[in-house]
Chemist: 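Take this structure first; my questions come after.
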Amino acid sequence: MTYFITTPIYYVNDAPHIGHAYTTIACDILSRYNKLKGDKTFFLTGTDEHGQKVEKAALSKKKDTQNFVDEMSQNFRDLIPFLGCQIDDFIRTTEERHKIATQFLWNKLKDNDQIYLSNYEGWYSIRDEAFYLESELTKTENGLIAPSGAPVEWVKEQSYFFKLSQWEDKLLEYYEKNPDSILPRSRYNEVLSFIRGGLKDLSISRTTFKWGVQVPDTENHVMYVWIDALCNYITALNYPNTDHDSFKTFWPGIHVVGKDILRFHAVYWPAFLMAAGLEPPKQIFAHGWWTNEGQKISKSVGNIINPYEIIDTYGLDQIRFFLFREVPFGNDGDFSKDAIAQRVNADLSNNYGNLIQRISSFIIKNSDSAVSKPQNYKEIDHQLLKSFDETLVNYIKNMNSFQIDKALKNIFDYLSEVNAYVDSQAPWSLKKTDDQRMKDVLYLVTLITIKISVILYPVIPSSIDKALKIYNLSIDNLNLNNIEHFSPDLINLNIPKPLFPRIDL
RNA sequence: GGCGGAGUAGCUCAGUUGGUCAGAGCGCACGGCUCAUAUUCGUGAUGUCGGGGGUUCAAAUCCCUCCUCCGCUACCA
């Protein structure tokens, strides 16, 4: 099995914020999970660097446009390791390879009679890079403004159009056959109802600015955002060389996107691909938005969440965990200090971290820092092992369907069971009555803790690296295929330090 | 306006095809343990399952209606 997962390419006009971090971490979790399953994975992210907004921003800062996007793109690249993410490629739309790919895609569409020249006129917002109907606009003292509050101007220009209207039936047919190709299901329904409402041809070029990929065989047209931006996903797989190993191995892929850009990914992009004779994406997952302490996040309110600040405050894995444990993936969520502290303390510090701490400290003090495989397990021990196997099955089922929160819930429900097992067996009492049984119990709990750590790895990788070091183990030798029967003869322990200090409320 | 989703304990939410489905976690109260990051374990309380009506031997679960919230989409002015 192979697994190709992508974030959208981020528009370099903004500084990276929690939304970018959220999408990137989501893909990292899924990518690591699939690696753990043994799949060959490819995790792609990058930056979208063209368009009028960028051109103007550079101008207003009196910077050369290329230098400007170089700097802005670097901000996004720098964020990745800070988020604990491991990517396989970072693509920029200003790269030569991307120009080659998009121009080839354009020509392919043109050869297939999917593109024609016409005129576009209407109310245009530079800030939003979008046309609006007059009915959508509001009159103010400064003239008409878009729903976003951005000013608009009347623009008339020649434009190339893509024959999107011809793809209505093909798209519907494809989606009806592949109901899991857009998730969550509510988003799938929205997309289908949008397509059923009828599709209009799509304007795909502009003459009002220069900062973009030139339309082949024209003087003054550059490609408008969608062909340019969406094509990145296949550029990175060496398109137009569809015989290339990475293209053959990894396409079609999985796109994780914010709900605001679902339509472009689920309608325009598959239509472009089919029109060019390529397969549509395998899956598109639309996630939700975060609010900040119950409030909508916006520049004007000034409550933008800076990923560097929250990670410095709470810790990397604490944030990664919170984002995906607290809220069903796909739903909107609220980012609040209380919720983070509560979640991290209850699950990571108390339930998981303290289990490791109490057992490993006990082994070091009372069992010469080592435990060996028991000769026999009791019935209650078998129960605990069986329960792990069930947890693993549910975990895999949920991770496979993007339900990261449920997969994590499975784990923490089980950890409660393990803590209860420890109390019921009370090794501190066995110490006085039955040394061998005490050691067997300690081994079993240690073994279970290791297994749990492995499946927590995709979400909190750096903490799991630390946890496994206590047992002189490494994630490199453990995975979802060998974890079920993992049971070494001897486990030597190192002195543990609390993995997740409690957060003061 | 159309289409879709949601309204269940203080909070966040599970509840497949109608019959242990009235639940979980957190929080709260009480009790126990003392290995552990004042951690853990056990016990307990609170709900007219949005309102009203209906079908049924039986409904949170199906039907009708109303209210509220959200998403997508359309349009008049």
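Naming convention: chains lettered A, B, ... in sequence-line order (proteins, then strands); numbering from 1 in each chain.
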Chemist: Which listed nucleotide (U37(B), U39(B), G4(B)) is nearest to the side chain of Asn350(A)?
Modeler: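 Nearest to the side chain of Asn350(A) among the choices is U39(B).
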Chemist: With a 3.5 angstrom cut-off on both distances, give the Watson-Crick or G-U wobble partner of A38(B), or none if there isn't one.
Modeler: none
Chemist: With a 4.0 Å cut-off on heavy atoms, is Ile356(A) in touch with a base, just the backbone sugar-phosphate, or nothing at all?
Modeler: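 The answer is nothing, as Ile356(A) stays clear of every strand by at least 4.0 Å.
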Chemist: Ring centroid separation for Phe329(A) and Phe285(A), is it under 6.0 angstrom?
Modeler: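 Yes, they do, as the ring centres are separated by less than 6.0 Å.
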Chemist: Could you check how far CD1 of Ile359(A) sits from C1' of U39(B), rounded to whole Å?
Modeler: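 Going from CD1 in Ile359(A) over to C1' in U39(B) covers 13 Å.
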Chemist: Suppose we define a pair by two distances each less than 3.5 Å, Watson-Crick or G-U wobble; what does C21(B) pair with here?
Modeler: none
Chemist: By the definition ring pair (Phe, Tyr, Trp, His ring centres under 6.0 Å), identify the one residue from Tyr22(A), Phe500(A), Tyr314(A), Phe335(A) that meets it with Phe322(A).
Modeler: Phe335(A)
Chemist: Is there a side-chain polar atom (N or O) of Lys409(A) under 4.0 Å from OP1 or OP2 of U12(B)?
Modeler: no
Chemist: Base, sugar-phosphate or nothing for Pro427(A)? Non-hydrogen atoms, less than 4.0 Å.
Modeler: nothing
Chemist: G71(B), U39(B), C41(B): which one has an atom nearest the side-chain heavy atoms of Glu190(A)?
Modeler: G71(B)
Chemist: Choosing from U37(B), C26(B), A36(B), which nucleotide comes nearest the side chain of Arg502(A)?
Modeler: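 Minimum distance to the Arg502(A) side chain belongs to U37(B).
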Chemist: If I take atom CG in residue Asn419(A) and atom C1' in nucleotide U39(B), what distance separates them, rounded to the nearest angstrom?
Modeler: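 Atom CG in Asn419(A) sits about 9 Å away from atom C1' in U39(B).
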Chemist: Does Phe500(A) reach a base, just sugar-phosphate, or nothing at all? Heavy atoms under 4.0 Å.
Modeler: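 Since a base atom lies under 4.0 Å of Phe500(A), the category is base.
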Chemist: Can Phe362(A) be said to stack with the base of C35(B), given centres closer than 5.5 angstrom and planes under 30 degrees apart?
Modeler: no
Chemist: Now, which nucleotide makes the Watson-Crick or G-U wobble pair with C72(B), with each of the two distances under 3.5 Å?
Modeler: G2(B)
Chemist: Just compare C33(B), G42(B), G15(B) and give me whichever is closest to any side-chain atom of Lys406(A).
Modeler: G15(B)
Chemist: Given atom CD of Glu326(A) and atom C1' of G27(B), what is their separation to the nearest angstrom?
Modeler: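 Computing the Glu326(A):CD to G27(B):C1' distance gives 13 Å.
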Chemist: Please name the nucleotide paired to C49(B) by Watson-Crick or G-U wobble geometry with both distances under 3.5 Å, or report none.
Modeler: none
Chemist: For A60(B), which nucleotide in any strand shown is its Watson-Crick or wobble partner with both distances under 3.5 Å?
Modeler: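 Its partner is none (no Watson-Crick or G-U wobble pair with both distances under 3.5 Å).
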Chemist: Is it possible for you to check whether Arg206(A) lies under 6.0 Å from the centre of the six-membered ring of Tyr224(A), through NZ or CZ, and within 45° of that ring's axis?
Modeler: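 Yes, Arg206(A) lies over the aromatic ring of Tyr224(A).
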Chemist: Looking for any heavy atom pair under 4.0 Å, which part of the strands does Ser416(A) touch: base, sugar-phosphate only, or nothing?
Modeler: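 Sugar-phosphate, no base atom in range.
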Chemist: Between Trp269(A) and Phe264(A), is the gap from one ring center to the other below 6.0 Å?
Modeler: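 Trp269(A) vs Phe264(A): aromatic centres not under 6.0 Å.
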Chemist: Mind running side-chain hydrogen bond (donor to acceptor under 3.5 Å, both in side chains) on Tyr421(A) and Asp381(A) for me, showing each step along the way?
Modeler: CA-CA 9 Å; Tyr421(A) 169 89; Asp381(A) 307 341; 2.6 Å; yes
Chemist: Counting heavy atoms from C-beta on, name the nucleotide in G32(B), U39(B), G71(B) closest to the side chain of Arg187(A).
Modeler: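 So the nucleotide nearest the side chain must be G71(B).
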Chemist: What is the distance from CG of Asn354(A) to C1' of U37(B), rounded to the nearest Å?
Modeler: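 These atoms are roughly 6 Å apart.
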Chemist: Taking the side chain from Asp332(A) and the backbone from Thr291(A), do they hold a donor-acceptor pair closer than 3.5 Å?
Modeler: no
Chemist: What is the base-pairing partner of A29(B), counting Watson-Crick and G-U wobble geometry with both distances under 3.5 Å?
Modeler: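 Answer to the pairing question: U43(B), which forms a Watson-Crick or G-U pair with A29(B).
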Chemist: Write down the distance between CG (Leu348(A)) and P (U40(B)), rounded to a whole number of angstrom.
Modeler: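 So the two atoms are 13 Å apart, to the nearest Å.
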Chemist: Roughly how many Å is it from CD in Gln342(A) to P in U12(B), rounded to a whole number?
Modeler: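 Interatomic distance, CD of Gln342(A) to P of U12(B): 12 Å.
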Chemist: Output the rounded distance in Å from CG (Asp423(A)) to P (G42(B)).
Modeler: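 Result: 8 Å.
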Chemist: Provide, to the nearest angstrom, the distance between the CG atom belonging to Asn331(A) and the P atom belonging to C70(B).
Modeler: 15 Å
Chemist: Over all strands shown, is Gly353(A) touching base, sugar-phosphate only, or nothing at heavy-atom distances under 4.0 angstrom?
Modeler: base
Chemist: Could you work out which one of U37(B), U40(B), U34(B) sits closest to the side chain of Gln357(A)?
Modeler: U37(B)
Chemist: Are the charged groups of Asp413(A) and Lys409(A) less than 4.0 angstrom apart, N to O?
Modeler: yes
Chemist: Between Lys432(A) and Lys259(A), which is nearer to the 5' end of RNA chain B once each is assigned its nearest nucleotide?
Modeler: Lys432(A)
Chemist: Taking the minimum atom-to-atom distance to the side chain of Ser349(A), which one of U37(B), C35(B), C41(B) wins?
Modeler: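 The answer is U37(B).
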